[in-house]
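Working notes for the structure below.
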Number of protein chains: 2
Amino acid sequence: MVSIADVAQDAGVSSSTVSYVLSGKRSISPETRRRVEASIHRLGYHPHAGARALASSRTNVLALSMPLRTDIDVPVLMGFVTSVVTAARKYDYDVLLLTNDEGPEGLRRVANSAMADALLVMDVEVDDPRIPVSQSLSCPTVLIGLPDEPGDLSCVDLDFSAAAKRCVHHLADLGHEHIALVGPSPAVYERGTSFATRFLRGFTTVARERGLHASSQPCAPSYEGVRDCLDGILVEQPRVTGLVVHNEAALGTLLSELRNRDMRVPEDVSVVAVSPDEMAANWPIPLTTVPLPSDDIGVLAVEMAMRELEGVKSPEVRLLSPRLTTARSTAQRH
Amino acid sequence: MVSIADVAQDAGVSSSTVSYVLSGKRSISPETRRRVEASIHRLGYHPHAGARALASSRTNVLALSMPLRTDIDVPVLMGFVTSVVTAARKYDYDVLLLTNDEGPEGLRRVANSAMADALLVMDVEVDDPRIPVSQSLSCPTVLIGLPDEPGDLSCVDLDFSAAAKRCVHHLADLGHEHIALVGPSPAVYERGTSFATRFLRGFTTVARERGLHASSQPCAPSYEGVRDCLDGILVEQPRVTGLVVHNEAALGTLLSELRNRDMRVPEDVSVVAVSPDEMAANWPIPLTTVPLPSDDIGVLAVEMAMRELEGVKSPEVRLLSPRLTTARSTAQRH
DNA sequence: TTGAAAGCGTTACCAA
DNA sequence: TTGGTAACGCTTTCAA
């Protein structure tokens with residue numbers, strides 16, 4: 001392996017000079033810099049990450065803890081992951097992927113053995129065991145999601161309460177008086193994933209404010225789940241004309257089941273959905289949506305981690321304002 | 001930070017002894033081992049990964065290179081990723097995630113800077129730029145997928161040719177004489193992803209052998225894509241009674257579009273699909289499928305990498321035999 | 001069965 | 001603007 005010493009010898013300088021050329025932490029004469037860079041190139045030198053980490057106590061690695069579930073929407077998850085990795089590279093960071101099957105121990109292990117400089121924790125639940133562990137670790141941590149007690153950990157998420165409110169206002173503005181929420185899978189509520197609760201709360205609040213008749217149903221992403229959910233809604237609210245869908249995985253099935261029941265969108269029922277950015281084109285009808293900006297969230301999570309690593313920023317909670325893009329799936333009530 | 005020297009002092013032994021207690025690379029008296037382990041526990045010692053990597057030239061990290069596409073089926077991808085991470089942990093390995101937006105340079109960077117011991121490359125294309133790079137790296141590499149020229153790299157994938165054959169035989173055995181293949185997105189063919197071609201070839205070969213009338217259409221995963229694809233099939237083959245679907249992302253839309261056109265499954269048309277393991281339950285009707293065993297493939301990829309790292313195994317190509325599980329979506333031709 | 005000590009490749013401090 | 005040189009924390013060879 002070609003080391004910094006080889007480069008130094010080749011360029012006729014000391015190894016510390018080479019190091020400084022690389023890091024830019026002190027000024028180097030143009031001539032020296034040129035020679036060093038030439039040697040680096042000629043010898044095909046690459047710094048050794050382990051040696052660097054040892055000497056500088058910096059790994060340039062971020063650990064990303066990912067849930068291991070089937071009831072969560074996989075494309076959304078993947079959106080986070082890719083945007084985190086891509087954003088991290090902009091800061092010359094790499095990403096180590098942890099899954100939750102190791103439990104919170106993974107975070108502890110990685111932090112203790114100095115494999116990563118900061119921790120990103122996805123899909124946090126209200127009472128997530130990874131939270132106390134992260135807090136005990138004195139390693140900068142950013143949570144993607146919003147637990148009840150973030151303590152001094154940073155959080156970033158979509159403002160799901162505001163998102164629900166936008167959906168309800170939109171339907172109310174169009175004259176709908178009977179609306180229903182198709183929520184996430186029951187399992188999501190049960191394990192206390194806060195975005196579900198926050199969305200539901202926003203939904204209920206504004207529905208009441210606007211004097212609407214509103215109900216809500218969780219919805220398993222299977223065909224039966226969607227069918228039962230629609231049955232439930234139509235029993236409780238036979239006059240429903242507006243649907244808010246907060247369940248990306250069930251959306252496709254739901255739309256085709258509506259058609260199956262001869263409920264036309266938007267003539268018979270308006271549909272507004274929370275949906276990943278990219279999916280818009282995949283539906284039979286352009287959907288009015290509140291996009292779930294997984295890219296923005298991932299990028300922001302990385303940026304917040306970087307700020308904390310630079311020591312110039314204390315932990316904070318950032319909730320992104322939702323946008324609502326209107327399309328043909330919502331219309332004035334007939 | 002508590003180091004190995006601290007442990008050694010606390011236990012009254014040398015630091016090399018502590019190291020050997022940890023690695024098990026030489027025998028230690030029970031008494032010494034006990035004392036050392038007690039000290040480790042008491043002081044909360046954790047080995048420093050960077051120092052280890054520097055001294056041993058082993059990182060215990062695997063790099064996983066992931067595509068960054070929207071036309072690939074995301075749940076399948078995620079299946080690979082999670083199974084790789086989980087399997088890696090069994091060998092005390094962690095996984096560094098690379099995306100293809102950095103291009104093949106990511107692999108080079110990670111290997112050169114000794115951030116990983118081996119490379120796993122997902123979703124390889126026939127003429128993938130990551131292949132020559134990997135070959136030049138003298139770093140054990142396992143490809144997930146099967147390129148035209150694997151050279152001396154290991155490969156693991158489902159035997160897609162055999163998978164197609166099973167599907168066609170199944171339909172032929174049920175008496176279907178006019179069948180069609182709903183293939184992946186055109187983009188997948190265009191960029192030469194070999195599984196698409198291998199599947200198509202298997203399909204065509206057996207269809208001819210069995211004397212069937214067969215056609216095939218690529219299919220974009222959008223609603224329009226599915227509609228156009230079905231239109232195309234019904235024009236070319238109005239008498240089709242059997243459909244082979246090799247397009248996980250389009251499957252849901254396709255089923256609902258069939259229903260929309262009053263084509264009942266399986267009464268009017270039998271459907272057999274290549275589909276991720278877990279999805280089976282999500283369809284309105286239990287589907288006859290050839291499961292895509294992403295878990296098995298991920299596990300196998302890790303195992304092959306481990307064998308190569310142990311130096312006891314030379315590169316090999318492993319194609320997994322497909323299973324076919326029958327369900328209600330395929331039936332005897334009426 | 002154990003210890004001493006020489007690396008591993010960088011960084012960063014102290015001098016010049 | 002540069003060089004010398006201690007760390008950094010661990011593994012492993014050589015000796016005992």
Side-chain angles (χ1 to χ4, degrees), chain A residues 1-40 43-61 92 94 109-117 309, chain B residues 1-37 39-40 43-61 92 109-117 309:
Chain A
M1 188 197 185
V2 29
S3 79
I4 204 171
D6 302 323
V7 175
Q9 184 168 26
D10 187 80
V13 298
S14 75
S15 60
S16 55
T17 297
V18 177
S19 175
Y20 285 117
V21 167
L22 256 28
S23 70
K25 287 188 182 173
R26 78 181 183 193
S27 52
I28 301 283
S29 76
E31 166 57 11
T32 306
R33 147 161 290 122
R34 207 194 45 68
R35 285 220 314 285
V36 170
E37 280 166 351
S39 297
I40 286 176
L43 302 180
Y45 165 75
H46 297 272
H48 186 288
R52 251 188 184 171
L54 180 56
S56 65
S57 3
R58 275 283 189 142
T59 59
N60 277 41
V61 167
D92 198 29
D94 278 286
R109 186 172 54 79
V110 161
N112 282 332
S113 58
M115 300 182 60
D117 298 334
L309 284 172
Chain B
M1 188 198 182
V2 29
S3 79
I4 204 171
D6 301 321
V7 175
Q9 185 170 25
D10 187 79
V13 299
S14 72
S15 60
S16 57
T17 298
V18 177
S19 175
Y20 284 119
V21 167
L22 256 28
S23 70
K25 287 188 180 171
R26 81 180 180 191
S27 51
I28 302 283
S29 76
E31 166 59 10
T32 306
R33 148 161 293 122
R34 206 193 46 69
R35 285 220 314 285
V36 169
E37 280 166 352
S39 297
I40 286 177
L43 302 180
Y45 166 75
H46 297 272
H48 186 288
R52 240 182 196 180
L54 179 56
S56 66
S57 0
R58 273 284 187 138
T59 60
N60 277 43
V61 168
D92 199 28
R109 185 173 54 80
V110 161
N112 282 333
S113 58
M115 300 183 58
D117 299 334
L309 284 172

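As the structure is a computational prediction, the values presented were derived from the model and not from experiment. To find a chain, count down the sequence lines: A is the first, B the second, and so on, and within it residues start at 1.
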Using whole Å, what does the distance between atom [atom2] of nucleotide [N] and atom [atom1] of [X] come to?
X        : N      : atom1 : atom2 : value
B:Glu31  : C:dT2  : CD    : C1'   : 14 Å
A:Met115 : D:dC8  : CE    : P     : 22 Å
B:His48  : C:dT10 : NE2   : C1'   : 12 Å
B:Leu22  : D:dG9  : CG    : P     : 15 Å
A:Ile4   : D:dT5  : CD1   : C1'   : 14 Å
A:Leu54  : D:dG9  : CG    : C1'   : 5 Å
A:Ile40  : C:dG9  : CD1   : P     : 16 Å
A:Leu43  : C:dG9  : CG    : P     : 14 Å

**Asked** If you find the nucleotide of DNA chain C closest to B:Pro30 and the one closest to A:Met1, which residue's nucleotide is nearer the 5' end?
**Response** B:Pro30

**Request:** Specify the residue among B:Arg26 and B:Ser56 whose closest nucleotide of DNA chain C lies further upstream toward the 5′ end.
**Result:** B:Arg26

**Asked** Would you find a donor on one side and an acceptor on the other, under 3.5 Å apart, between the side chain of A:Ser19 and the backbone of A:Ser15?
**Response** no

**Complete:** Which of D:dT5, C:dC8, C:dT1 is nearest the side chain of A:Ser15? It is D:dT5

**Request:** Give the nucleotide from the list C:dT10, C:dT2, C:dG3 with an atom nearest to the side chain of B:Val13.
**Result:** C:dG3

Would one find a side-chain N or O of [X] under 4.0 angstrom from OP1 or OP2 of [N]?
X       : N      : value
B:Ser16 : C:dG3  : no
B:Arg52 : D:dT11 : yes
A:Thr17 : D:dT1  : no
B:Tyr45 : D:dC10 : yes
A:Lys25 : C:dA12 : yes
A:Ser3  : C:dG9  : no
B:Ser19 : D:dT11 : yes

**Prompt:** Taking the side chain as C-beta and beyond, is there a heavy-atom pair between B:Ile40 and B:Leu22 under 4.5 Å?
**Reply:** yes

**Message:** Can you confirm whether B:Arg26 sits close enough to B:Ser16 that some side-chain heavy atom of one is under 4.5 Å from a side-chain heavy atom of the other?
**Reply:** yes

**Message:** Looking at A:Tyr20 and C:dC13, is any side-chain donor or acceptor paired with a base atom of the opposite kind under 3.5 Å?
**Reply:** yes

**Request:** Would you mind telling me which residue lines up with the more 5' stretch of DNA chain D, B:His46 or A:Ser14, judged by nearest nucleotide?
**Result:** A:Ser14

**Message:** Among B:Asn60, B:Val61, B:Thr59, which residue satisfies the side-chain contact (heavy atoms from CB on, under 4.5 Å) criterion with A:Met115?
**Reply:** B:Val61

**Asked** By side-chain contact (heavy atoms from CB on, under 4.5 Å), which residues pair with B:Ser23, not counting sequence neighbours?
**Response** B:Tyr20, B:Lys25

**Request:** Kindly give the heavy-atom pair with the smallest separation between B:Ser3 and B:Asp6, and that separation in Å.
**Result:** N-OD2, 2.8 Å

